[in-house]
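Encoded as structure tokens, the structure appears first; notes follow it.
Below, chains carry the letters A, B, ... as their sequence lines are ordered, and counting in each starts from 1. Note: hydrogens, waters and symmetry copies are ignored here, and every other heavy atom, side chains too, is used.
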Amino acid sequence: MKNQVVKLLSQALEQLAADDVVPREGVPAPVVERARETRHGDYACNIAMVLAKIARARPRELAEKLVAALPQNQLVEKVEVAGPGFINFYLRRDAYHQLVPQAIEQGYEFGRSGIGQGRRIQVEFVSANPTGPLHVGHGRGAAYGAVVADLLEAVGFSVHREYYVNDAGRQMDILAASVWLRYLELCDQEIVFPSNGYKGDYIWDIAATLHREHGEAYLHPAAELFQDIPVDEPAGGDKERHIDALIARSKLLLGDNRYRYVFELALNVILDDIRDDLELFGVNYEEWYSERSLTESGAVNKAIERLRNLDHVYQKSGALWFRSTAFGDEKDRVVVRENGQHTYFAADIAYHMDKLERGFERVIDVWGADHHGYVPRVKAALQAMGDDPTRLDVLLVQFANLYRGGEKVQMSTRSGSFVTLRELRKEVGRDAARFFYVMRKCEQHLDFDLDLAKSSSSDNPVYYVQYAHARICSVLRQASEKGIGMEPSAGVENLDRLTEEHEQALFTALSRYGELVESSAINKEPHQLCQYLRELANDFHTYYNAHQFLVEDENLRDARIKLVLAVKQVLRNGLNLLGVSAPESM
RNA sequence: GCGCCCGUAGCUCAGUGGAUUAGAGUACCGCCCUCCGAAGGCGGUGGUCACAGGUUCGAGUCCUGUCGGGCGCGCCA
């Protein structure tokens with residue numbers, strides 16, 4: 001409906017341009033907003049005030065001329081010029097009535113649109129290192145990325161969801177070494193576990209699997225392993241040097257094949273766990289993209305070569321540097337280390353280059369806000385390559401703090417006392433977790449109140465919205481028990497009987513849904529949808545409280561059932577986009 | 001120190017490409033169950049939009065600065 005109003009205004013503007021009332025060039029597209037108050041009609045436009053200066057006319061006079069130039073339309077009841085020059089549109093009631101049969105007939109499709117025109121867009125999210133289970137911080141990125149992807153799909157983009165698997169690099173070596181050390185402990189070797197190793201219980205589990213399936217085939221005396229290794233931090237040494245030496249020794253003692261086996265075992269166990277975890281969280285991907293494949297296919301070297309050919313790299317103190325400062329970064333960055341290994345950043349350059357080469361028109365990365373310093377260098381790399389860095393959109397998700405009993409839950413990765421996503425899901429359930437995670441805009445810190453998320457009360461927004469849906473289902477059950485025809489009449493007949501204030505509010509709410517999905521998607525702001533669903537649920541509960549639906553008057557009853565069916569469909573669709581279920585009863 | 005993000009009611013937050021009188025929820029106070037789910041609803045109290053300038057016909061919204069909070073500034077990932 002909004003788009004139609006915009007169209008009318010655009011036509012009027014063209015007319016005025018033809019009449020030389022406004023210039024032909026430099027006229028912005030009219031912005032139509034929903035009127036905040038009902039007495040200002042349904043939609044309002046400020047274009048007359050915006051144009052006043054360039055058209056050298058008084059805003060009100062310009063507004064009057066625009067109104068006079070508006071084409072006839074069956075949607076619009078009347079148009080008024082108000083205040084300093086707003087053009088207020090009052091729509092005919094039956095324009096709203098159409099929405100009810102539309103929602104019921106279109107079902108799942110209602111509110112979706114094609115504005116994306118099938119353009120290909122990639123959303124990469126979570127991409128946590130497979131060195132341990134996902135924790136609650138990853139959960140927010142998972143929920144947010146998944147909803148943004150679904151929203152974009154809902155407005156007609158062709159969405160490709162991707163998880164970048166960091167299955168190469170030093171962290172993975174530390175993981176493999178950690179597993180092997182635990183394994184040696186299971187073989188009764190005396191080990192002082194490195195302070196920089198992975199200490200979680202899941203490491204023991206993987207080591208136990210290795211031990212169970214291969215006995216002592218991977219056993220080497222601890223003395224051999226620790227001989228001449230630089231001391232660890234607690235002993236006054238450097239923890240990084242200590243663990244790097246342990247990794248090198250592990251590779252030497254185990255040999256390529258056995259080391260590879262331990263490495264792969266650890267990677268696969270953890271990756272399977274992450275996959276499973278995300279799936280249970282309702283988060284699915286089109287592709288799991290391996291970092292290692294970039295190295296193996298030569299893509300990383302290719303990227304570095306490309307930079308070299310373009311003269312964007314230089315050699316300094318044994319390392320190869322990318323001159324990112326030439327593209328707005330704070331300092332230059334190393335791509336190949338002194339030891340000949342490429343950096344994570346080098347792989348990331350190759351990865352992003354690959355994304356654009358795969359033909360995605362736009363690429364979205366969802367990162368934790370702690371990585372924000374990384375954005376300029378990735379964009380710099382794309383620009384250096386001759387790509388358009390604005391095709392990449394990095395969305396930074398702030399941390400989530402958990403609260404239990406009004407107290408902040410202390411979390412620390414170091415001590416291993418973090419809460420896993422799995423635990424969170426178990427505690428509050430998938431629905432509440434998904435909803436709470438996207439309830440705030442992503443750049444806002446999130447206070448996640450565990451008690452609230454679990455509570456069965458109207459204070460809990462998820463509960464409140466789901467309850468509205470369940471309540472409608474309950475009404476419909478009542479209707480069928482009373483033998484009232486469950487098939488409401490098709491079309492818009494009887495809907496003109498719905499003249500109550502609460503009913504008008506629901507019509508308005510229904511008409512907003514499509515606009516809302518669109519704006520949530522375009523702005524990548526799922527919280528708008530959360531907010532809307534709360535309002536819709538509130539409008540419904542208010543209505544429910546004020547009026548009986550299953551009344552004697554058949555026509556009125558038919559109309560009310562239809563309206564409520566439409567509301568039910570919108571609640572369902574909205575919750576579905578958020579990855580939250582719409583229960584029939586609770 | 002530099003960079004990015006945030007600062008709206010006691011608390012948690014909305015406030016869309018700038019606009020007509022700043023909104024929810026919670027908390028607090030007061031009402032409402034012979035009635036489709038009271039797991040609910042209705043009403044009320046509560047705000048110099050951190051502060052100071054600037055742009056504009058108009059600023060919570062845009063610009064600059066200050067203050068407060070978070071995060072980042074590795075040949076880590």
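- Of the listed nucleotides (B:U26, B:A14, B:G72), B:A14 has the atom at the smallest distance from the side chain of A:His527.
- Between A:Lys316 and A:Ala470, the one whose closest nucleotide on RNA chain B sits nearer the 5' end is A:Ala470.
- Ring-base stacking between A:His371 and B:A77 is satisfied, the centre separation being under 5.5 Å and the plane angle under 30°.
- With the nearest nucleotide of RNA chain B identified for both A:Phe345 and A:Asn545, A:Asn545 has the one nearer the 5' end.
- Residue A:His342 is classed as having no contact, given no heavy-atom separation below 4.0 Å to the nucleic acid.
- Residue A:Arg377 places none of its side-chain N or O atoms closer than 4.0 Å to OP1 or OP2 of B:G74.
- Ring geometry for A:Tyr543 against A:His502 counts as parallel: the plane angle stays under 30°, on a 0 to 90° scale with 60° as the upper cut.
- In this structure, B:G10 and B:U26 make a Watson-Crick or G-U wobble pair, each of the two defining distances being under 3.5 angstrom.
- Remark: A:Arg471 is in phosphate contact with B:A38, judged by side-chain N or O atoms under 4.0 Å from OP1 or OP2.
- A:Glu338 comes within 4.0 angstrom of a base, heavy atoms only.
- Note on A:Ser585: a base of the nucleic acid sits closer than 4.0 angstrom, heavy atoms only.
- Contact of the A:His372 side chain with the A:Glu443 side chain is not registered, since no non-hydrogen atoms from C-beta on lie closer than 4.5 Å.
- Searching all strands for a Watson-Crick or G-U wobble partner of B:U48 with both distances below 3.5 Å returns nothing.
- On a pure distance criterion of 3.5 Å, a polar donor-acceptor pair joins the side chain of A:Asn88 and the base of B:U20.
- When distances are taken from the side chain of A:Gln478 to each of B:A77, B:C75, B:C36, the shortest belongs to B:C36.
- Relative to the side chain of A:Ser458, the nucleotides B:A14, B:A19, B:G40 differ in distance, and B:G40 lies closest.
- Below the 3.5 angstrom threshold, one finds no donor paired with an acceptor across the side chain of A:Asn129 and the base of B:A77.
- The side chain of A:Tyr344 has B:A77 as its nearest neighbour among B:G15, B:A77, B:A27.
- Among the atoms of the strands shown, none is found under 4.0 Å from any heavy atom of A:Ser519.
- The side chain of A:Gln398 places no N or O atom within less than 4.0 Å of a non-bridging phosphate oxygen (OP1 or OP2) of B:C4.
- Nucleic acid contact for A:Lys441: sugar-phosphate only, since backbone atoms but no base atoms lie under 4.0 Å from a heavy atom of the residue.
- Using a 4.0 Å heavy-atom cutoff across all strands shown, A:Met172 reaches no nucleic acid atom at all.
- Distance from the side chain of A:Gln548 is smallest to B:C35 among B:G40, B:C13, B:C35.
- Across B:C36, B:C13, B:C76, the shortest atom-to-atom separation from the side chain of A:Arg170 is found for B:C76.
- When the side-chain nitrogen and oxygen atoms of A:Tyr464 are compared with OP1 and OP2 of B:A24, none of them lie within a distance under 4.0 Å.
- Remark: the A:Tyr314 side chain and the A:Asp332 side chain contain an N/O donor-acceptor pair separated by less than 3.5 Å.
- Atom P of B:U16 sits at a distance of 15 Å from the matching atom of B:C63, rounded to the whole Å.
- At a threshold of 4.0 angstrom between heavy atoms, the contacts of A:Ala319 include nucleobase atoms, whether or not backbone atoms are also involved.
- Judged by distance alone, with hydrogens and angles left aside, A:Ser317 brings a side-chain donor or acceptor within reach of the base of B:C75, the pair sitting under 3.5 Å.
- In summary, the side chains of A:Gln171 and A:Asn166 do not present any donor paired with an acceptor at a separation below 3.5 Å, with no hydrogens or angles considered.
- Applying the 4.0 Å criterion to OP1 and OP2 of B:A14, one finds that A:Arg534 has every side-chain N and O outside that range.
- A:Lys355 and A:Glu162 are not joined by a salt bridge, as no carboxylate oxygen comes within less than 4.0 angstrom of a charged side-chain nitrogen.
- Proximity of A:His372 to the phosphate of B:G70: no side-chain N or O atom is located under 4.0 Å from OP1 or OP2.
- Looking only at side-chain heavy atoms (C-beta outward), A:Asn460 and A:Phe436 come within less than 4.5 Å of each other.
- In this structure B:G1 sits in a base pair with B:C73, meeting the Watson-Crick or G-U test at under 3.5 Å.
- Nearest approach of A:Ala154 to A:Leu577, heavy atoms of both residues: CB-CD2, 3.8 Å.
- Counting non-hydrogen atoms under 4.0 angstrom, A:Ala546 reaches nothing in the nucleic acid.
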